[in-house]
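Read the structure below first, then the notes.
In what follows, chains carry the letters A, B, and so on, assigned in the order in which the sequence lines appear, proteins first and then strands, with residues in each chain numbered from 1.
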Number of protein chains: 2
Amino acid sequence: MANIREIAKIAGVSVATVSRVLNGYPYVKEEKRNAVWEAVEKLNYTKNINAVHLAKGKTSIIGVVLPYVNHPYFSTIVEGISIEALRYGYHLLLFQTNYEEKKEIEALEMLKMKQVDGMIICSRTLGWKFIEAYKEYGPIVLCEDVKGRDLLSVYINHYEAFMLGMEYLIEKGHRKIGYCIGRTTGTNSKDREAAYRDALRKINESPRQEWIFDHCLYIEDGKRVVNELLAMREKPTALLVSSDQVAAGIVLWGQSAGWRIPEDLAILSFDNHPISEALQITTMDLPLSIMGKKAFRMIYHSFQNNETVKAEKLEVRLIERSSV
Amino acid sequence: MANIREIAKIAGVSVATVSRVLNGYPYVKEEKRNAVWEAVEKLNYTKNINAVHLAKGKTSIIGVVLPYVNHPYFSTIVEGISIEALRYGYHLLLFQTNYEEKKEIEALEMLKMKQVDGMIICSRTLGWKFIEAYKEYGPIVLCEDVKGRDLLSVYINHYEAFMLGMEYLIEKGHRKIGYCIGRTTGTNSKDREAAYRDALRKINESPRQEWIFDHCLYIEDGKRVVNELLAMREKPTALLVSSDQVAAGIVLWGQSAGWRIPEDLAILSFDNHPISEALQITTMDLPLSIMGKKAFRMIYHSFQNNETVKAEKLEVRLIERSSV
DNA sequence: GATTGCATTGAAACGCATTTCATACATTAT
DNA sequence: ATAATGTATGAAATGCGTTTCAATGCAATC
């Protein structure tokens, strides 16, 4: 493939002039400009973008770290990031980590190696310290409350959101409440657990381990939850479910086990994914796509080195339907 | 940031030796090797990966072109690609196109510019010719039947799959059959339409335009379909639905309109997404994750320039449940 | 007529790792 | 003892676009 020097030779100008033409800079005579474009045409030339990246010291690529692409929670965030990235001429490099620390570190290393200009971490398992060690190489935004640490953050206050949910259930008369969560580690999960415990404490109920269902991510996990519930002597009367997907699974498999929702089991879930509307599940609307967009913008602003807001909290709201 | 020359200076060796150490090549004395690693440690050095990309002429990045990340059909393919890419040390650059030609071209240009070593096109709107023009810059695999064209392809024969579905519906006694599809253009869609028409012809029914529902992608599109059906004087008795998501929407909103499935409306859909199991929807299992994996492997093989199979057809199978 | 300033343009340096080629020494085979 | 291998190492070329700096040409200002 041709390079800029060949173009220069054919067009009878210097490489600097070719570069000027290619990048639309002024101060090039019309005729030379034309000569360059003609040579470009003739040789079917395209820039080698890796040389550009090297020379400029940046790539216009943002890394996106997430455990699974295939979960609506994450793919909605990515969608948001993607829309905004396109608007500003950025591309997205995907790092699917499966929550393995090694993969997360590899992703961060890509920031240090200048593979990406910035990083959005949708969810992580790696400790703070580790991540902070990389922020000198480029902006990193996390989709969680960083609790005052010096990292960028766009987040939903899951303590508040879960508390809101708990209060709603309690207000509806529930006292025996369980919950389903994707994992028990991670800021978001810890916050939710704290809200759960605090809410129960307020009504003098103590948390019951068997009513806490871990590893609930996908619709089919709802099936497992239903089966476990069926095997229990004492069931909760309500469940807070961290994902509409799982909630849908619980509702559907619960119904096929003969349960009426909410009479036999009330469900309050999170995300406000269209599936919750289809099933009339009461859910907490989480602005995931917006979270993605804001995460991108935060990175983008930090490139313009405007004084950026370090952390931005997004509001949730309860969508009352008929599963509670 | 330090570079390889500084490391060489500090370690008292040449840059070539540093490169050897960094890349684990033999023929370096133990002591020099150690000296290099020490210098690396001391300067907190990391390779500038853009220089590596430039020097090697490749990036170990594969481009993934798709219209929407946020649809289970595509995110499942991406998941498959991602798993396999990770295994072989490749990364994924996402190109969300929204089916805009301009964006698809931009993606292909990235192949020419050597931003990516190869490209997987999950779905496209751009013509063949255009894509073929880029295959000289790297392997391109499409997730559709390329019908003998000289492009790599991993595909599901949607004519057969749709025909299978039609025959199943017909066998169950249906003659008034409609279908829902994501878009009407595109190889896969055209193939499905052909199967639909051919199947109807066999039973001497003529296709009815109002029973063909376009733009059906997400669960909420099912709502629209139900509403349109409710407004019809003569409804079909069965619907072939190209996505489980839409099928789920139809089943759920249909039920809330008082329909019994399959008595009032039979539904046969595609994907075998877990939602179809939860709703007991009869569906055609499409090996989407496998398609992603195979697409990646095809690219990978073409790098090893083994003689590669140019096209691979994947089998589908009907999962009988109770929506027909 | 001299000075200031903008428009044009190219040489060369820069960003940085990889890889080839030549060289030097140490072994092993003949 | 000599040829043939293998080990070890560095200089220099290579991949390629961007950017700085100096220089030249030409028009406007004083």
- prompt: Is a salt bridge present between B/E106 and B/K103, judged by a nitrogen-to-oxygen distance below 4.0 Å?
  reply: no
field: Salt bridge flag under 4.0 Å for residues B/E136 and B/K112
entry: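 The answer is no: the pair does not qualify as a salt bridge.
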From the list [options], which nucleotide is the closest neighbour of the side chain of [X]?
X	options	value
B/A55	D/dT20, C/dA17, D/dT9	C/dA17
B/Y45	C/dA17, D/dG17, D/dG15	C/dA17
B/Y27	D/dG17, C/dT18, D/dT7	D/dT7
B/A51	C/dG10, C/dA17, C/dT8	C/dA17
A/S14	C/dT19, C/dA11, D/dC16	C/dA11

For [X], report the nucleic acid contact type (base, sugar-phosphate, nothing); a contact means any heavy atom under 4.0 Å.
X	value
B/V18	nothing
B/N23	sugar-phosphate
A/V28	sugar-phosphate

Can you tell me if the side-chain N/O atoms of [X] get under 4.0 Å from OP1 or OP2 in [N]?
X	N	value
B/S19	C/dA17	no
A/K47	D/dT18	yes
B/T17	D/dT9	no
A/K56	D/dG17	no

message: Ignoring hydrogens and geometry beyond distance, is the side chain of A/R5 in donor-acceptor contact with the base of D/dG15 at under 3.5 Å?
response: no
field: Distance-only donor-acceptor test, B/R20 side-chain atoms vs D/dG10 base atoms, 3.5 Å
entry: yes
query: In whole angstrom, what separates B/Y25's OH from C/dT18's P?
result: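 It is 7 Å, rounded to the nearest whole Å.
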- request: Please round to the nearest 0.5 Å and tell me the distance separating atom NZ of A/K294 and atom CD1 of A/I299.
  value: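 Separation between the atoms: 15.0 Å.
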- line: With sequence neighbours left out, the residues meeting ring-ring contact (aromatic ring centres under 6.0 Å, His included) with B/H53 are none
- prompt: Would A/Y218 and A/Y73 count as a close aromatic pair, with their ring centres under 6.0 Å?
  reply: no
